[in-house]
Amino acid sequence: MSNIKRGVSLYSYQQEYYLRQMSLEDCIKAVSDLQCDGVEIISEAMIENFPNPSEEWISNWFALLKKYNCKPICYDAFMDGRIRGEEMITDDEAVEQMNRDIRLASRLGFQCIRVLCSVPLRIIERCLPLAEEVDIKLGIEVHSPFRLGTPWLEEYIDFIKRTGTKHFGIIPDFGIFVKRSVRILVRKHLRAGATPEIMDYVCKCYEDGVPRDEMMAKVMTMNPNDEDKYWADEAYHYTYCDPQLIKQYIPYIIHIHGKMYEMTDETGVWDEYSIPNEEIIRVLMDGGWQGYICTEYEGQRHYHDLPDFDVDSVEQVRHHHDMLRRIIGA
Amino acid sequence: MQFQAYNRILLCPDPMQPYLAGDTVMGYRFMIRYPSYRGTFLSCIEELSFHLDGEELDSENIRFALQGKEYLLSQLADAYKDYWYVMDKAVITVLCDTLPRPGPHALTVFMKHRIPYAGYGGSYLALPSSQTKTLTMQEGGTTNV
């Protein structure tokens, strides 16, 4: 038994929500049906009249959480820097956007906020006083193509060490541990006319850690079509970090996104096809990490070329939790 | 193949409705949705165009309405404080003197929309979204103004 708890980012149900097959209540009920209580939301998609929900909406939000015994764990904020296109927003406007999210997250009872990986430290520093005041933790998302063990991340970690702040940390997204190419994406490219031999070759190169340039040079000798070239480039946008690397960051991890593209039981138990969850979570458990892993299902977008949206997000998330339960024992 | 987001539900399937002032034809209306899992500021719509039965509609005759506010297409770029909540439908009004004949028509929408949350890295995405759907032009009509 570990101190790791399970939850779901409602991002996972985005398709059913968007198509109005699931309401916010249905999404929260689906979390509760997994015998877990952690709810994470995409603020802008889920909050009616964002960023100014009515008092009625807020009352209903708390009533739903109570009805299904769920807790508001993480509020996913964005940072819309390019609302005016070429002209980037000013730092003052960025601080205003983040402070708006901190206030709203606090009103909705959240404990932490996912801060996009592109947000500079100088903006976060200016928002920390408000985060402290309302006792909300800000977490910079460590999301592909960013990685663990890089100068980019060390700048944030150094700041935490230097200041001793308790209101800023990191939120690793398990998409930084993609060991094998996302199979459902490969299949989508095949449907669009990619060459199977080239797809296989690129996947193998990715898995074996063959440098991108070397892979690309070889692909160009294989008479690739446009779809092949697109994939050769896209395949290397994914990231694989050694799971052992996460150990050194355990004191700074405030929350985790359990990224998931495709669940498979081909080995007799449920696992994510691309991400070695067991290996990663063992490192976290051995290090005594406490907190929520919220499933973030992102496979739905790789079926959008099919005549019907042929995906059941609820089922995919359920199998992700079958896997989490097996690993963490809760 | 480009990421397709939710392009196939850009156009709402409801019939195109005549837009009348008394007995006078002002134009017709239909609805569109934003093709992503999150909403957007209207300023992020970089291009919006429509074809009816293969013929491009003059952008000067098109109005975009959301949350009770109506915009010329050329005004969208400046609307960086107006948010399109992802569950809301925008109403498109095409001003014209003669309505399309009642019955089915092929309507195409093209939207190029910026993904504004990347950006500190220097580059950002603008996605092209397009959909063609057969919508029915409703006969007769109701007085809308």
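From a predicted model like this one, the values you see are computed outputs, not experimental measurements. Letters A, B, ... mirror the listed sequences (proteins, then strands); counts begin at 1.
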Answer yes or no on whether R82(A) is positioned over the face of F41(B), meaning its NZ or CZ is under 6.0 Å from the six-membered ring centre and within 45° of the axis. no

Where Y37(B) and A45(A) come nearest, the two heavy atoms and their spacing: O-CB, 3.1 Å

Going from CZ on F78(A) to OG1 on T40(B), what distance comes out if it is rounded to the nearest 0.5 angstrom? 11.0 Å

Could you walk me through whether R114(B) and D80(A) pass the salt bridge (Lys or Arg N to Asp or Glu O under 4.0 Å) test, one step at a time? CA-CA 10 Å; R114(B) 195 160 63 241; D80(A) 287 324; over 6 Å; no

Is there a donor in the side chain of E86(A) and an acceptor in the side chain of Y124(B), or the other way round, less than 3.5 Å apart? yes

Counting only heavy atoms not in K133(B), do more than 12 sit closer than 6.0 Å to its NZ atom? yes

Any donor and acceptor pair, going by atom type alone, linking the side chain of S43(B) with main-chain N or O of I83(A) inside 3.5 Å? yes

Ring pair (Phe, Tyr, Trp, His ring centres under 6.0 Å) assessment of F50(A) paired with Y83(B): CA-CA 8 Å; F50(A) 172 89; Y83(B) 196 76; 5.6 Å; yes

Which portion of D88(B) sits near chain A, non-hydrogen atoms under 4.5 angstrom: backbone

From M87(B) atom CE to L24(A) atom CG, the distance as rounded to the nearest 0.5 Å: 10.0 Å

Checking Y17(A) against chain B: side chain, backbone, both or neither under 4.5 Å from a heavy atom? both

Any sub-3.5 Å donor-acceptor pair from R38(B)'s side-chain atoms to M46(A)'s backbone N or O? no

Rounded to the nearest 0.5 Å, how far does CD of Q97(A) lie from OH of Y117(B)? 13.5 Å

